[in-house]
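Only one structure is covered here, and it is reproduced in the block below.
Treat the numbers as computed from the prediction; the structure is a model and nothing was measured. In listed order, ligands and their atoms are each counted from 1. No hydrogens, no waters, no symmetry mates; every other heavy atom, side chains included, goes into these values.
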Amino acid sequence: MITTCPLDCFDGCSIEVDDKLNLKGEKAHPITQGYLCHHMNNFHKFARIEKPTLHGKEISIEEAISIVKEKKDKNSLYYKGSGNLGVMQGITKLAFANSDIAKGSLCEGAGSFGIEEGRGVDLTWGPIQVEKSDVVIIWGRNPSVTNSHMLPALKGKTIIVIDPYKTDIAKKADLHVNIKPRGDIYLAMLLSRMAYMEQMDDEEFIENRTENFDYFIDFVNSQPIVMLEYRSGVCMIEAQKILSIIKGKKVSFLLGVGPQKYSFGHSVFRSIDSFAAMLGLFGKVGCGVGYLSSSDFGYAKPFQSKNKKTVYKPTIDFSNYDFVFIQGGSPVNQTPCTPKIKEGLSKAKFVVYFGLYENETSKMADLIIPAKTFLEKNDLKLSYGQEFVGDMPKISDTNIGISEYELCKQLGVELKSEKEYIKEIKNSNSTLRDGRAISKIYESIPYEKEFYTDSGKFEFFDDFYDDFKEEDLEEGFYLLNSKYNKSLNSQFKTNQFLYVPICLGLKDNQTIKLSNGTYECDYIVKNDENLRDDCMLLYSGHKDSNMLTPHAMSEEGKSAIYQEIKCQIVSS
Ligand SMILES: Nc1nc2c(c(=O)[nH]1)N[C@H]1C(S)=C(S)[C@@H](COP(=O)(O)OP(=O)(O)OC[C@H]3O[C@@H](n4cnc5c(=O)[nH]c(N)nc54)[C@H](O)[C@@H]3O)O[C@H]1N2
Ligand SMILES: Nc1nc2c(c(=O)[nH]1)N[C@H]1C(S)=C(S)[C@@H](COP(=O)(O)OP(=O)(O)OC[C@H]3O[C@@H](n4cnc5c(=O)[nH]c(N)nc54)[C@H](O)[C@@H]3O)O[C@H]1N2
Ligand code: SF4
Ligand SMILES: [Mo]
């Protein structure tokens, strides 16, 4: 049988499952090409939660459901994470229509907002498109770890990497630009300014397909070059190298979440998009800017509910609720400012955790309900990194856990059958290409015919606001947070070190205390020669990865801004 990986990942791998439930990448799938990553190769090795428990004591699933039923409509909060990205995961929203709902983004939200400002919709730019480029600029993304099925498409291309960390792909790249964290908007403006001086702007594209170019170029030209060099940490000579590599070439940009983890993250991505648009790098073979796309664009959304109130994940306060329902996520590790999250959850009267694995959040829950795995329920996957639509039929079953659909039904919501929902969603916006379902919009090259703004044109940016001061730039360390190859955020095998630059002269495995001015935390260190001297690194999933990240939200996009704060060493 064939199914699709449910995880929060660009690749949306197609998986062959045999009678013994061994998982293998589907050979014939154009993206998967026969291989999976660590998580799916080891999926069965991770111990799952087997029984519902109430305050640590085993209870039946019926008892668990009746507790939820009794409490869910009184001063309650519904919180869904991204542990499984199947579309059916959202059905439980229907059972919590009388609760407040947690929305906003712990992930890509600020960047997506900026992209939507310029293009209307954030469409994907996957391996099939990238394959046709001459040059690929990997800008704050780490495909060797997070998007390994992009690697075949990068073979033979000229590669530029813009990243404050020397990632594996940066080591192999034709050019690695070791940018200052939060410097990307300044580099995008430096590049735009210099490209304009060199008359690299695509006049025909600008004239026919864009709006606001004059304001954009005036704004960019008003930024002093010395300031742009200082804030980005990239000098004109290096910027010139980038321009000479891409001049007249088919160029793909692959953006990751790194450059947008700041208060003005939306402007960062709009500035990069604006640079690409002035060069006419949209809507043509091999030319585009890809990020994490709005995978459900154009699809039916049968699970939308009208909740009483919306609260936002990056600044969530659990403390005022009598009942909190957490599904498919671990806010204690993954939400910024762990001290505030822990304090809030400990004050909430009753917390339910509905998931597959024990984690820092399940430890704080009153009631734990085990979920079914993706092999044990029907679902559908729309990927944010490529155009294929993945079926996820139920392949096996066990006595363990309950599916999201079944839970919702047992909580008294009148539902159509699982298969009807899946059919409705899939048929609303997919079509076949060579016998495989893809999202309709990718029948043509993204933005070939139109942008999705009100004007139908790309809209250049012409202003932004950065509230970091010069002194913020010089003192302390940025705490980069990146993805680890053996974990998927808090799932699977996590990494528990703080990586530090060699220049500090610290010893591997010693403990140091870091402070962000408000909170402190001890970490066990490892030296890492790939780090800039002004950076340290914690991988997503580290139990204390959010002890020092700020309880704050991006200016736009309701997104977490993990790197908006700098940390100091208190003791070592
Ligand atoms: N193995 C594995 N794969 C995953 C995940 C996982 O946990 N593990 N998570 C999935 C999820 S949820 C997501 S959102 C995607 C994310 O996919 P990526 O965006 O590729 O993930 P990161 O590892 O955070 O990579 C971001 C890169 O940005 C760099 N960076 C940090 N700050 C800056 C900056 O200011 N400017 C620039 N230019 N670069 C910066 C970091 O050094 C890092 O190399 O990956 C998905 N894939
Ligand atoms: N410091 C720091 N914080 C981060 C990040 C970072 O890089 N650094 N990354 C951010 C990003 S990009 C993201 S996307 C978020 C992700 O953070 P979360 O949304 O919290 O996701 P996970 O940590 O992957 O939580 C996964 C949980 O989902 C449960 N689960 C898995 N499959 C299913 C299922 O089918 N049903 C149910 N009910 N449960 C299931 C598992 O039990 C697992 O423990 O974290 C963000 N937080
Ligand atoms: S996590 Fe990503 S790379 Fe790994 S199997 Fe799933 S889709 Fe493929
Ligand atoms: Mo994410």
With a cut-off of 2.8 Å, which protein N/O/S atoms are close to atom 2 (Fe) of ligand 3, if we only count those under it?
Cys9 SG
Using only heavy-atom distances, determine whether the side chains of Ser263 and Glu564 contain a donor-acceptor pair under 3.5 Å.
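Yes.
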Would you check if there is a donor-acceptor pair between the side chains of Tyr539 and Gln496 at a distance under 3.5 Å?
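Side chains of Gln496 and Tyr539: no pair found under 3.5 Å.
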Is it true that a side-chain atom of Asp379 and a backbone atom of Val87 form a donor plus acceptor pair closer than 3.5 Å?
yes
Quick check: does any side chain N or O of Gln563 sit under 3.5 Å from a backbone N or O of Asn481, one acting as donor and the other as acceptor?
yes
Go through the steps for His542 and Ser545 under the test side-chain hydrogen bond (donor to acceptor under 3.5 Å, both in side chains), then give the verdict.
CA-CA 5 Å; His542 184 293; Ser545 65; 5.6 Å; no
Does Arg231 make a cation-pi contact with Phe468, if we ask for NZ or CZ under 6.0 Å from the ring centre and within 45° of the axis?
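The answer is no; the distance or angle limit is not met.
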For the residue pair Tyr478 and Tyr262, does the interplanar ring angle fall in the parallel (under 30°), tilted (30 to 60°) or perpendicular (over 60°) class?
perpendicular
Do the ring planes of Phe497 and Tyr499 sit parallel (below 30°), tilted (30 to 60°) or perpendicular (above 60°)?
perpendicular
Measure from the ring center of Tyr465 to the ring center of Phe264 and say whether it is less than 6.0 Å.
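No, they do not, as the ring centres are separated by 6.0 Å or more.
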I'd like the contact residues of ligand 1, where contact means a heavy atom below 4.0 Å.
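Residues Asp8, Phe10, His39, Cys107, Trp139, Gly140, Arg141, Asn142, Val145, Thr146, Ile162, Asp163, Pro164, Tyr165, Thr167, Ile179, Pro181, Arg182, Asp184, Gly256, Val257, Gly258, Pro259, Lys261, Tyr262, Leu292, Tyr384, Leu480, Asn481, Ser482, Lys483, Tyr484, Asn485, Ser487, Leu488, Asn489, Gln563 each place a heavy atom under 4.0 Å from ligand 1, listed by chain and number.
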